[in-house]
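Can you read through this structure? Questions will come right after.
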Amino acid sequence: MSVGLLLAACGPAAQPAAPTAAPAKPAEAAKPAESKPAAPAAQAAATTAPAKPAEAAKPVTVSNPPTSPEMVDAIDLTGKNVEVVYWHNRPQKDQEMLTTLLDEFSKSNPYGIKARAEIAGASYPDVYNKVSAAIQAGQPPEISVAYQNQAAFYRAQNAIIDINPFLKSKKYGLSDEDMKDYFQTFLDSDLNPQFQGERLGFPTQRSIEVMYYNADWLKQLGYNEAPKDWKTWEEAACKASDPAANKYGWAFRHDASNFASQVFSRGGRILAPDGASYVFNSEAGVETTAMIQRMFKNKCAVEIPTSERNGEQNRFAAGQVLFTFASSSGLPFYQEAVSKGSNFKWDINMLPNNGKPAVNLYGASVSIYKTTPEKELAAWLVIKFLGEKAQTTKWAVNTGYLPVRQSAKADVLNTYKADPKWGAAADSYARMFDWFQYAMVESPVAGYDPVRDLIDKEVATKAATDANADPKKLVEDATTKANAILKENAPKR
């Protein structure tokens with residue numbers, strides 16, 4: 001019960017006292033405090049975009065050949081049991097070593113890939129002829145050795161593929177650390193100017209052209225070191241020559257690479273850097289041709305017939321020639337030949353030069369043929385395996401080639417120095433690593449094989465056999481013909 005109802009029930013109520021003051025106005029109810037509506041949470045977190053539902057990754061369609069690293073990543077080799085056949089030109093002892101290496105790969109790779117090697121000929125031209133026939137028959141191997149110009153010829157027929165997508169694959173490619181471990185000069189030599197930098201091969205070995213010289217004989221002639229310039233070299237070679245005694249300063253071999261090495265050392269080139277034209281008609285080409293001509297005119301050189309296999313090496317070992325120009329991969333063969341021959345002190349050096357050193361970088365790479373994406377990936381994994389430190393070290397030690405990785409250098413050198421048969425040649429081998437910085441490549445374009453014949457027959461051989469030929473006209477005429485061959489073999493796009 002309320003207080004008011006209780007009083008009325010107990011008697012009349014007393015008069016109310018006069019109000020002494022106006023009744024107070026009822027207090028106004030306090031107005032609710034004004035407040036602005038809170039900003040939407042989305043505004044407070046304006047720096048973060050609302051998350052969208054994750055989109056499902058689109059499946060990658062793999063073309064043949066794969067043209068991106070993502071396509072290579074998408075290839076699944078599980079259960080495919082792919083076989084890779086490797087055609088090469090090495091002798092039987094190297095075939096046996098390759099077989100050992102590939103057997104190891106076959107047992108250790110997690111994809112069930114089986115790899116084996118086959119000797120496809122005794123020389124690079126032999127392999128080139130067999131591969132060309134196989135391409136025409138539609139039955140190429142999965143991989144083969146190929147010089148850069150041969151690879152370009154195969155690529156022009158759409159028979160080999162660009163290795164870059166495999167190299168850059170996150171799943172199957174090389175890491176940044178691996179890439180830095182490879183000698184960059186070796187990697188760069190397989191980027192082809194005719195195919196917008198496609199990588200048409202990958203190095204598993206390399207060599208350079210060097211000058212072999214008979215150090216004992218050179219000292220007898222009054223020289224305490226190998227000639228560093230062409231004038232001194234020519235002088236020493238002519239001092240050494242005595243045709244009546246079958247002794248000559250230089251063994252002239254029918255090989256365009258000899259000519260190219262001399263042009264490089266005089267500051268010239270065989271092919272323009274963009275691959276668009278032959279340029280051996282430069283002053284360096286003329287000087288090289290003129291020197292060959294003088295060497296024969298003055299009876300300071302002896303010709304090695306093409307039929308005489310390893311003739312320059314054998315005559316060098318017999319003490320019949322003072323200088324030869326040949327691949328550094330011949331070091332073990334020179335070592336063996338000299339030890340069984342006149343057994344004199346010998347060494348190697350860069351070719352003489354005109355003040356700027358240059359060396360001709362040799363070495364076929366390994367190319368991948370267009371088959372199926374699975375076989376192409378398996379082929380890449382075989383090449384990748386052969387380039388690993390352990391394999392490139394073993395290959396270099398047993399063949400005389402240079403390893404392709406910097407991390408292998410010390411192991412290879414230590415092995416050579418620990419083997420008494422190498423003697424001073426082990427130190428010579430070590431010096432070649434310092435010469436890579438001067439490396440140059442002859443001509444990695446399609447059609448260089450016929451140009452090589454042209455340089456030999458119409459430049460070097462004519463200079464050697466015709467004392468009245470004009471050196472400048474010889475190189476000019478040959479360069480014109482070479483550019484016609486280049487145009488004829490250029491990729492059709």
Side-chain angles (χ1 to χ4, degrees), residues 208-213 226-238 241 248-273 277-304 306 312 321-327 349-362 435 438-443 448 450-483 486:
I208 56 177
E209 177 137 322
V210 297
M211 174 175 67
Y212 292 82
Y213 66 94
K228 292 183 171 59
D229 63 87
W230 282 110
K231 182 180 178 181
T232 306
W233 180 87
E234 189 172 345
E235 177 189 82
C238 289
S241 295
Y248 294 91
W250 182 40
F252 170 81
R253 184 163 54 95
H254 287 272
D255 184 351
S257 292
N258 269 189
F259 181 84
S261 301
Q262 295 173 61
V263 171
F264 291 161
S265 71
R266 290 182 168 92
R269 301 183 61 92
I270 296 298
L271 186 75
S277 62
Y278 282 101
V279 293
F280 56 84
N281 56 340
S282 62
E283 184 178 349
V286 176
E287 287 180 5
T288 297
T289 307
M291 191 202 72
I292 294 172
Q293 190 177 49
R294 283 196 308 275
M295 291 294 287
F296 279 91
K297 186 177 180 179
N298 296 327
K299 302 186 186 309
C300 302
V302 60
E303 178 187 8
I304 306 299
T306 53
E312 78 282 7
V321 294
L322 178 62
F323 298 117
T324 69
F325 301 149
S327 169
N349 209 338
M350 289 187 288
L351 270 63
N353 61 72
N354 285 3
K356 185 178 179 182
V359 295
N360 193 352
L361 180 65
Y362 281 167
W435 302 342
Y438 309 121
M440 298 182 69
V441 177
E442 289 178 33
S443 175
Y448 184 50
V451 171
R452 288 177 60 84
D453 288 341
L454 187 71
I455 290 173
D456 175 35
K457 293 175 181 174
E458 300 197 17
V459 180
T461 299
K462 284 187 177 180
T465 57
D466 186 352
N468 297 316
D470 179 355
K472 183 174 178 57
K473 188 173 188 312
L474 290 179
V475 293
E476 288 286 0
D477 290 350
T479 302
T480 299
K481 293 179 181 178
N483 280 322
L486 178 65

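If you read the sequence from its start, that first residue is 1, and numbering goes on from there.
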Ring geometry between F280 and F259 (parallel below 30°, tilted from 30 to 60°, perpendicular above 60°):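 The rings of F259 and F280 stand perpendicular, inter-plane angle above 60°.
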
From Q262 atom CD to M211 atom CE, the distance as rounded to the nearest 0.5 Å: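 One finds 11.5 Å between CD of Q262 and CE of M211.
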
Spacing of K297 atom NZ and N468 atom CG [to the nearest 0.5 Å]: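 Between atom NZ of K297 and atom CG of N468 there are 7.0 Å.
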
Close side-chain approach of Y448 and L486, heavy atoms under 4.5 Å: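 Side chain of Y448 against side chain of L486, heavy atoms only: no contact under 4.5 Å found.
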
Stepwise salt bridge (charged side-chain N to carboxylate O under 4.0 Å, His left out) check, D255 with R253: CA-CA 6 Å; D255 184 351; R253 184 163 54 95; 2.7 Å; yes

Which atom pairs, one a donor and one an acceptor, fall under 3.5 Å between side chains of residues 351-359 and the rest of the protein, sequence neighbours left out?
residue: N353; atom: OD1; partner: G355; partner atom: N; Å: 2.7
residue: N353; atom: OD1; partner: K356; partner atom: N; Å: 3.3

N/O donor-acceptor pair under 3.5 Å between Q293 side chain and A469 backbone: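 Checking the backbone N and O of A469 against the side chain of Q293, a donor-acceptor pair under 3.5 Å is found.
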
Separation between CZ of F296 and CG of D466, rounded to the nearest 0.5 Å: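 Going from CZ on F296 over to CG on D466, the span is 13.0 Å.
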
Shortest non-hydrogen contact from F252 toward T461: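 It is CZ-N, 4.4 Å.
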
M350 backbone acceptor or donor facing Y438 side chain under 3.5 Å: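 Flag not set: sc Y438 to bb M350 has no pair under 3.5 Å.
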
Donor-acceptor under 3.5 Å (N298 side chain, R294 main chain):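 The answer is yes, because a donor-acceptor pair under 3.5 Å joins these two groups.
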
Set of residues satisfying side chain to side chain contact (heavy atoms under 4.5 Å, CB included) with respect to T480, sequence neighbours excluded: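 For T480 there are no side chain to side chain contact (heavy atoms under 4.5 Å, CB included) partners, ignoring immediate neighbours.
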
From F323 atom CZ to Y212 atom OH, the distance as rounded to the nearest 0.5 Å: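 Taking CZ in F323 and OH in Y212, the distance rounds to 15.0 Å.
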
Any E442 side-chain heavy atom under 4.5 Å of N360 side chain: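 Yes, close enough: below the 4.5 Å cut-off.
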
Charged N-O contact under 4.0 Å between K231 and D229: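 Result for this pair is no, no salt bridge flagged.
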
S277 side, atom OG; L271 side, atom CG - distance, nearest 0.5 Å: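 Interatomic distance, S277 OG to L271 CG, rounded to 0.5 Å: 7.0 Å.
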
D453/K457 under salt bridge (charged side-chain N to carboxylate O under 4.0 Å, His left out): CA gap, chis, key distance, verdict: CA-CA 6 Å; D453 288 341; K457 293 175 181 174; 5.0 Å; no

Plane angle bin for F325 and W250 - parallel if under 30°, tilted between 30 and 60°, otherwise perpendicular: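 Rings of W250 and F325: tilted, as their planes differ by 30° to 60°.
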
Min side-chain heavy-atom separation C300-M295 under 4.5 Å: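 Side-chain contact under 4.5 Å: yes.
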
Sub-4.5 Å side-chain heavy-atom contact between I270 and F264: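 They are in side-chain contact.
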
Spacing of OG1 belonging to T479 relative to CG belonging to L474, to within rounding of 0.5 Å: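 It is 10.5 Å, given to the nearest 0.5 Å.
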
N281 side chain vs V475 backbone, donor-acceptor pair below 3.5 Å: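 No.
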
Backbone N/O of R452 and side chain of D456: donor-acceptor pair under 3.5 Å: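 No.
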
Check: T324 side chain, A251 main-chain N or O, donor-acceptor pair, under 3.5 Å: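 Side chain of T324 to backbone of A251, a donor-acceptor pair under 3.5 Å: no, none is there.
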
Side-chain donor-acceptor contacts of residues 283-291 below 3.5 Å, not counting sequence neighbours, with atom names and distances?
residue: T288; atom: OG1; partner: R266; partner atom: NH1; Å: 2.9
residue: T288; atom: OG1; partner: A284; partner atom: O; Å: 2.9
residue: T289; atom: OG1; partner: G285; partner atom: O; Å: 2.8

